[in-house]
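One structure is given here, and the rest of the page talks about it.
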Amino acid sequence: MPNGNDEAIKAVLDGKNKILLFRKLSEQKTEAAKLVFQTSHTFSYSRELNSIVTKDGRIVRPGELESEVSVEAIQSKRDPLASMLKEAVIKGEKLELWEVTVDEDLKDVDGKYPAVYAQGYLGEWEEEAGAEDEGTISTTFTVEMEPQFGYATLTEEQEEAVQYAFKDTVAGEEGGGVEG
């Protein structure tokens, strides 16, 4: 028998459903964003808070917003995206980044997913090659100005790379699966 926490647990957002896509800003008219096969990432927002002590009490003056995305990813052989990102660090090229929440429950009526969009630069690039593990890369993307929130379209290829959706056994029918 289901308990009251079942609905709350189903409503929890899985971290695996948040993906990152990158593209060189200079290629936005010719290239689709590319998917990073990250093992984890962190999108952080911070703001320095300066305290001013007055006779009546403390006043807090907020500084400017700072945002960055730390990325850990698997390094695959002949990965064109990893090469592009590494080159962007070396040459100081401006990039676009999307954090897309690929969750069917959150998809809008136009088939778009909730997303955060940012422009900025990769400030570091690290390749780790352990004897018993996969080769990994880690990098930090520093956001210029403020990230923007909206909805993003994924290409069919991007959606297939993320995960296929449940399909019913009947031709032309979607869904029909049991929610788990």
Side-chain angles (χ1 to χ4, degrees), residues 2 4-47 64-74 76 79-85 87-88 93-122 137-180:
N5 289 330
D6 287 346
E7 289 303 312
I9 290 170
K10 286 181 185 177
V12 171
L13 182 64
D14 288 329
K16 69 181 181 181
N17 289 342
K18 288 192 170 199
I19 61 167
L20 294 178
L21 296 108
F22 285 90
R23 175 174 61 199
K24 286 183 184 179
L25 184 64
S26 63
E27 295 177 349
Q28 68 180 186
K29 293 187 188 296
T30 59
E31 294 287 327
K34 307 263 188 303
L35 183 66
V36 174
F37 290 105
Q38 80 268 6
T39 53
S40 69
H41 76 272
T42 303
F43 206 126
S44 64
Y45 304 89
S46 63
R47 185 181 297 275
E64 293 297 315
L65 179 68
E66 294 181 23
S67 301
E68 68 179 27
V69 181
S70 301
V71 183
E72 300 272 332
I74 298 292
S76 62
D79 182 353
L81 180 61
S83 298
M84 183 272 286
L85 294 176
E87 181 180 305
E93 294 180 280
K94 193 172 194 176
L95 299 171
E96 296 175 288
L97 171 142
W98 291 261
E99 179 190 62
V100 181
T101 304
V102 186
D103 184 320
E104 293 297 315
D105 293 340
L106 300 176
K107 198 185 240 189
D108 75 0
V109 294
D110 296 323
K112 295 183 177 191
Y113 295 98
V116 181
Y117 169 75
Q119 294 180 5
Y121 297 88
L122 292 177
I137 56 172
S138 58
T139 187
T140 302
F141 178 85
T142 301
V143 175
E144 189 172 69
M145 296 190 273
E146 284 188 25
Q148 301 297 307
F149 299 85
Y151 285 81
T153 304
L154 293 181
T155 66
E156 194 172 305
E157 182 180 87
Q158 290 164 339
E159 283 208 47
E160 286 175 9
V162 174
Q163 182 59 282
Y164 52 85
F166 182 87
K167 303 289 183 187
D168 202 345
T169 57
V170 180
E173 298 287 325
E174 288 192 33
V178 177
E179 296 275 330

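Within the model, atoms CD of Glu72 and CD of Gln38 stand 10.5 Å from one another, a figure rounded to the nearest 0.5 Å. Distance check, rounded to the nearest 0.5 Å: CG of Leu35 to CD1 of Ile19 gives 5.0 Å. Note: Glu31 CD to Lys24 NZ = 9.5 Å, rounded to the nearest 0.5 Å. Expressed to the nearest 0.5 Å, how far CG of Leu21 lies from CG of Leu95 amounts to 12.5 Å. Here Leu25 contributes atom CG and Leu97 contributes atom CG; the two are 12.5 Å apart, rounded to the nearest 0.5 Å. From Arg23, atom CZ reaches atom CG of Leu81 across 12.5 Å, with rounding to the nearest 0.5 Å.
The two atoms that bring Val71 and Leu20 nearest to each other are CG2-CD1, 3.5 Å, heavy atoms only. Closest approach of Tyr121 to Glu144, counting heavy atoms only: CE1-OE2, 3.8 Å. Looking at every heavy atom in both residues, Phe141 comes nearest to Gly120 through CZ-N, 3.2 Å.
The main-chain N or O of Lys112 is never found under 3.5 Å from a side-chain atom of Asp110 such that the two would form a donor-acceptor pair.
Partners of Tyr113 by ring pair (Phe, Tyr, Trp, His ring centres under 6.0 Å), not counting sequence neighbours: none found. By the side-chain contact (heavy atoms from CB on, under 4.5 Å) test, Ser67 is found to be paired with Phe43, Tyr45, Leu65, Val143, Pro147, residues two or more places apart in sequence or in another chain being considered.
Under a cut-off of 6.0 angstrom, the local environment of CD in Glu66 is sparse, with at most 12 non-hydrogen atoms contributed by other residues, nucleotides or ligands.
A side-chain N or O of Tyr117 and one of Glu96 form a donor-acceptor pair less than 3.5 Å apart.
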N/O donor-acceptor pairs under 3.5 Å from side chains in residues 148-157, not counting sequence neighbours:
unit_1, atom_1, unit_2, atom_2, d
Gln148, NE2, Glu146, O, 3.0
Thr155, OG1, Gln158, N, 3.0
Thr155, OG1, Gln158, OE1, 3.3

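Within the 4.5 Å cutoff, the side chain of Leu85 has heavy atoms near those of the Val36 side chain.
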